[in-house]
Amino acid sequence: MKIKLPKTRYYGSKRKLIPWIWECIENEKLEFNSVLDLFGGSGVFSYSAKLREKEVYYNDIFKFNYHIGRALIENNKIKVSPSDIDYLVTRHNSIRYQFKIFNYFKDIYYPDEENRQIDIICQNILNIRDELKKSLFFYLLFQSCMIKRPFNIFHRKNLNLRTNNVIRNFGNKKTWEIPFYDLFVRFANEINDYIFNNGGKNISYNFSALDCPINADLVYIDPPYMNQKNTHTTYLSKYHFLEGLVYYENFIDHINFKKKNLEININSNMDFENRTTFFINLQKLIFKHRNSIIVISYRKNGIPSINDLISFLQTLNKNVSVYSNKYSYALRRNNFEQEEVLIIIS
Ligand SMILES: C[S@@+](CC[C@H](N)C(=O)[O-])C[C@H]1O[C@@H](n2cnc3c(N)ncnc32)[C@H](O)[C@@H]1O
């Protein structure tokens, strides 16, 4: 099956591995109709399951991701029109705007003018009643905010990387400077192409994985990756700014002013972001879903080791298959080799 997937700039996205992941799943010749994607992120796995006509339940701890899940997975028909984009970028007389990003985030992620635009766009979105449209418009804003950032994340105060007049060996200065309006047109064309109805009642959820009350025939588990070097950067630290936009009304109460990047501490959850508790929580999660087919995306050299994880899985008295996929990627000027592992428990 040829799969066309939304482009993502999301850290840890499995976009490139999706065809391989489905090859492994299909190799097991298992029957299932519903899929729960517990750590949904960019939504590419959920979307690929939607394409396969499964009933899909997307889940992620962050509300901004929940909106991405709702725009791509739950949404069966609503698309973005040119007049929607005009509405989003226009300052309307009927709205009394606040300028919180402009006032608090000066010189941190975006230049003043863009901060002001983010304030306006965000409040235009929150002014919309239709919940699916709200998510769809947030999708445009989040993709645009990510593409305008060096490395696409918010873990450092580093606007200077964008504004300094220097020769760079990373990122794309031209892309960072594209106006929001043009980016919205581009991302609207992109997402409009992906919206379709697969006949199922697909739903986006926003629970911590351990508290998610949803069940499905197949449960996909792709938790944050814990490296062995103790240099883990949490997803909150990478994406807090987008989470703050969803909570525009009160995010200021959650800013950590001790951090230079003014991290917004909303929906922080350390269950799978902490080396000492990660494995025990993963075991709890797997045990909770032991009556479903479980598919785990994992990487060699992480914590716990593949061997420790497999030893635990063998205690479940189920069939355990392990697939591995070596690939290399370029970071700055170096080439790195990575080994991605897929474990299927059935
Ligand atoms: C490796 S990424 C998943 C990537 C995703 N499969 C994709 O292809 O885009 C891990 C995701 O787990 C989410 N996350 C972290 N802690 C979580 C928790 N306790 N419950 C649910 N989601 C969590 C993060 O927000 C992040 O989106």
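Since the model is a prediction, treat every value here as computed from it, not as a measurement. Remember, it's 1-based here, ligands and their atoms both numbered in the order they're listed.
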Let me have the donor-acceptor pairs involving side chains of residues 146-156, under 3.5 Å, with sequence neighbours excluded, atom names and distances please.
unit_1	atom_1	unit_2	atom_2	d
K148	NZ	E114	OE2	2.8
K148	NZ	W176	O	2.9
K148	NZ	I178	O	2.6
R149	NE	I153	O	2.8
R149	NH1	Y109	O	3.4
R149	NH1	N158	OD1	3.2
R149	NH2	I153	O	3.1
R149	NH2	R156	O	3.4
R149	NH2	N158	OD1	2.5
N152	ND2	M146	O	2.9

(request) Answer yes or no: does atom CD of E249 have more than 12 heavy-atom neighbours from other residues, nucleotides or ligands under 6.0 Å? (result) no
(message) Using a 4.0 Å cut-off on heavy atoms, what residues surround ligand 1? Order them by chain and number.
(response) Y10, G12, S13, K14, L38, F39, G40, G41, S42, V44, D60, I61, F62, N65, F207, S208, A209, D222, P223, P224, Y235, N269, F272, E273
(request) Evaluate the side chain to side chain donor-acceptor pair (under 3.5 Å) criterion for residues Y248 and Q123: first the C-alpha distance (whole Å), next the side-chain angles of each, then the deciding distance (0.1 Å), finally the verdict. (result) CA-CA 8 Å; Y248 193 85; Q123 289 165 90; 3.1 Å; yes
(request) Decide, yes or no, whether a salt bridge links E263 with K238 under the criterion of side-chain N to carboxylate O below 4.0 Å. (result) no
(request) Identify which one of L218, D217, N319, I344 satisfies the side chain to side chain contact (heavy atoms under 4.5 Å, CB included) criterion when paired with L30. (result) I344
(message) Please tell me whether N124 and Y97 have a donor and an acceptor in their side chains that are separated by less than 3.5 angstrom.
(response) yes
